[in-house]
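These numbers come from the heavy atoms of this one structure, side chains and all, not from hydrogens, waters or symmetry mates. Since we're looking at a predicted model, the values are computed, not measured. Proteins get letters first, then strands, A, B, ... in listed order; numbering begins at 1 in each.
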Amino acid sequence: MLKELVREKLREAMAKLGVDAPKIEISVPDKPEFGDLSSNVAFTIKAALKSSPREAGQKLVEQLDKSAFEKVEVVGPGFINFFLKRESVLEVLSEVLLQRETYGKLALGSGKRAQVEWVSANPTGPLHIGHFRQAVLGDVISRLLQNAGYDLTREYYFNNAGQQMRRLGNSVKARYLEILELPAQFPEDGYQGEYIYEIAQMIRDKHGSSWQERDAVQFKEFAEAALFTEIKETLKRLFRLAENKVFDIYYNETWLYDEPDHKFVYVNNNQVLDSLRQADLAYDKEGAVWFKATAMGRPDDRVLVRSKGERDPTYRLPDIAYHVNKLMRGFDLVIDIFGADHLDTYQDVLAALRGLYERKKLPSSCNPEKIRVLIHQFVTLVSSGKPVKMSKRLANYITIDELIDELKSTVELDEAVKLYDSATQEAVKEDFAINVARYFILMRSPNSHVNFDLDLAKQQSKENPVYYIMYAYTRIAAIRDKYEPMSVATVNLDLLKEREELALLKKLDEFPSIVSDATEQLAPQFLTTYSYELARLVHDFYEKHRVISENQALTDARIQLLSAVQLVLKRCFELLELKAPERM
RNA sequence: GCGCCCGUAGCUCAGUAGGAUAGAGCGGCGGUUUCCUAAACCGCAGGCCGCAGGUUCGAUUCCUGCCGGGCGCACCA
């Protein structure tokens with residue numbers, strides 16, 4: 001890595017001056033006048049050298065081994081700008097071609113275990129737009145962690161007991177009776193969606209009218225199974241994973257209640273509620289059990305066990321228990337992904353864990369610092385310039401499948417692709433639709449509100465960034481199809497001299513640090529941006545220089561360059577799970 | 001009222017663990033194709049980075065206050 005090279009040289013020079021900086025920041029300047037790489041380290045050592053940043057920079061540069069650089073300048077208030085020798089830049093190519101598929105793999109998580117929990121929707125309906133962002137985010141974050149070497153568990157937490165599910169059962173039963181033209185009372189708070197009819201119809205198809213006396217519980221179970229199947233299908237489609245890879249564990253909340261009296265939520269025979277009491281974090285009031293959240297700096301105490309009805313726990317107690325469970329399972333890193341609506345909840349959970357940990361009610365290995373919570377803001381679906389109002393109860397929301405189908409419906413196929421059979425054409429459309437859906441949501445920072453303009457996404461078959469990036473890949477593929485490259489050893493890379501060629505190489509060099517930043521900051525958008533920038537440089541190069549030419553040696557060198565670029569593009573696609581077409 | 005997120009070009013959004021002259025796409029205007037896929041490339045126009053203070057050599061980035069938008073603030077999940 002060129003950054004590493006510069007950092008190393010700076011460190012050497014600083015050692016000669018007898019100073020040190022905890023971290024040396026190297027950045028890629030926006031402007032070519034500022035060099036290939038730049039450092040602001042002079043600002044951090046100015047005090048140690050008792051001089052101005054500019055003087056500090058000068059002193060540093062005097063001591064610097066400049067053999068790898070064309071020139072090194074101290075400019076402005078004290079920035080040190082490095083202009084790399086071409087030979088230094090060319091080394092990137094060898095490095096990429098040597099590392100191949102491992103280029104950009106990280107050691108961050110090697111030997112460590114991580115868990116990501118997301119989606120976690122209860123099976124009361126199909127996944128809709130509200131789940132879409134989270135689903136894709138979690139998928140990519142999982143892939144990033146795997147790339148970083150973590151032994152990863154993908155987990156989905158759900159609850160198939162309780163009031164919501166009862167409502168589901170009642171709703172389906174009512175619709176079933178309706179289909180049979182029997183008197184039915186649709187529950188006041190029932191699920192109104194069309195899918196309830198579909199499930200009822202499934203039961204009708206399978207069991208005829210024989211279920212009319214059955215209990216709502218059985219309808220619930222049938223509906224749950226049907227919906228879960230559908231949810232898994234949707235995610236399988238969106239993640240493009242085999243069914244058994246979509247999630248490793250579907251964790252049922254009821255697993256937390258593995259003692260006879262479920263009301264007190266056990267975890268590994270350790271009563272969470274008792275621990276909270278012992279830690280003076282829970283107390284009784286007005287017949288309910290409360291979490292003393294205020295003791296942990298939260299604004300209000302919360303009920304953990306209701307005084308009303310069956311004295312059931314509220315969701316907070318199992319949530320706390322579940323997180324204790326996660327910590328006890330020995331993960332080094334636990335990531336929760338929630339929508340902005342869960343903000344308050346998770347803070348209570350973390351507060352409880354901190355309290356238990358600080359008061360020694362959790363083993364020392366269960367430090368809640370291991371938990372990272374990624375909160376993402378909502379997506380507003382915009383259609384005909386207006387936000388689409390959504391209500392789950394009335395079921396006037398767009399499902400993930402509908403979104404993908406919608407995007408798919410407007411994909412225009414190239415003439416060449418139209419020659420293939422219809423299944424292949426279908427697959428090409430499906431790939432594009434999923435690419436578009438994933439990329440569009442990933443390119444935005446998770447904590448910014450996003451408008452997803454359906455009309456725009458549909459129309460954008462030609463102008464949208466996804467096609468742009470894919471096209472860069474395809475252009476390379478087309479060239480490589482036409483030419484059989486020589487082995488790297490016999491190629492004279494020194495022939496690569498054009499500005500556009502060197503720009504590509506410098507961009508390739510950035511890849512590992514981009515991956516690293518994206519992983520550490522849980523920020524997939526760094527990668528979408530990067531792949532766009534790399535694609536831009538590909539198009540720029542392509543327009544200005546011919547690859548296959550009379551000049552055999554130069555052709556070979558350029559083919560090698562493009563191979564490396566293609567490799568890195570492919571690595572980006574792999575991490576984002578975008579499917580690169582060989583033709584488009 | 002309290003907590004968190006956001007406010008950057010006409011529109012949609014990147015960027016910000018403090019750095020130099022703030023970016024992209026779309027939209028607008030103009031140009032480029034006998035040549036590996038023009039789904040491309042090049043150029044122009046477009047900005048008090050919500051407002052006001054503070055910290056700093058330096059703030060779009062950090063702090064405080066205000067304004068505007070979103071989401072929460074159940075003995076629902």
So which nucleotide from B:C75, B:A40, B:A24 ends up closest to the side chain of A:Arg536? B:A24
Check the geometry between A:Tyr542 and B:A40 and answer yes if their rings are stacked (centres below 5.5 Å, planes below 30°), otherwise no. no
Over how many whole Å does the gap from A:Arg133 atom CZ to B:G70 atom P extend? 17 Å
Checking ring-ring contact (aromatic ring centres under 6.0 Å, His included) against A:Tyr156, which of A:Trp118, A:Phe247, A:Tyr251 comes through? A:Phe247
Minimum-distance nucleotide to A:Arg302 side chain [options: B:C4, B:G15, B:C73]: B:C73
Figure out the CG/C1' separation between A:Leu554 and B:C36, and round it to whole Å. 14 Å
Any donor-acceptor pair under 3.5 Å joining the side chain of A:Tyr467 to the base of B:A39? no
Using the side-chain heavy atoms of A:Asn122, tell me which of these nucleotides is nearest: B:C5, B:A77, B:C36. B:A77
Between A:Lys285 and A:Val547, which is nearer to the 5' end of RNA chain B once each is assigned its nearest nucleotide? A:Val547
Pick the P atom in B:A14 and in B:C6, then give their distance to the nearest Å. 10 Å
Between the base of B:A39 and the side chain of A:Thr474, is there a donor and acceptor pair under 3.5 angstrom? no
What I want to find out is whether A:Glu155 reaches A:Lys326 closely enough, with some N-O distance under 4.0 Å, to be called a salt bridge. no
Where the side chain of A:Asn447 is concerned, which of B:U21, B:C75, B:C6 is the nearest nucleotide? B:C6
First encountered from the 5' end of RNA chain B, between A:Asn451 and A:Gln163: A:Asn451
What about A:Ser307: does its side chain form a donor-acceptor pair under 3.5 Å with the base of B:C75? yes
Between CD of A:Gln377 and C1' of B:G7 the distance, given in whole Å, is 13 Å
Face-to-face stacking of A:Tyr468 with B:A39, centres under 5.5 angstrom, angle under 30°: no
Nearest-nucleotide pick for A:Pro29, side chain only, options being B:A20, B:C13, B:A77: B:A20
Are A:Tyr346 and A:His323 near enough that their ring centres are under 6.0 Å apart? no
Applying ring pair (Phe, Tyr, Trp, His ring centres under 6.0 Å) to A:Phe541 and not counting sequence neighbours gives A:His545
Answer yes or no: is there an ion pair linking A:Glu510 with A:Lys507, defined by an N-O contact shorter than 4.0 Å? yes
Where the side chain of A:Phe43 is concerned, which of B:A77, B:C75, B:G19 is the nearest nucleotide? B:G19
Considering only heavy side-chain atoms of A:Ala288, the closest of B:C71, B:A77, B:C75 is B:C75
Could you state the CE-P distance from A:Met443 to B:G23, rounded to the nearest angstrom? 18 Å
Take the protein atom CG of A:Asp540 and the nucleotide atom P of B:A38, then report the distance between them rounded to whole Å. 14 Å
Within less than 4.0 Å of OP1 or OP2 of B:A14, is there a side-chain N or O belonging to A:Ser448? yes
Between the side chains of A:Asn122 and A:Gln164, is a donor N or O closer than 3.5 angstrom to an acceptor N or O? no
Roughly, in whole Å, what's the span from CG in A:Asp344 to C1' in B:C75? 16 Å
Over how many whole Å does the gap from A:Arg475 atom CZ to B:A40 atom C1' extend? 4 Å
Against the side chain of A:Val303, the closest entry in B:A20, B:A77, B:C75 is B:C75
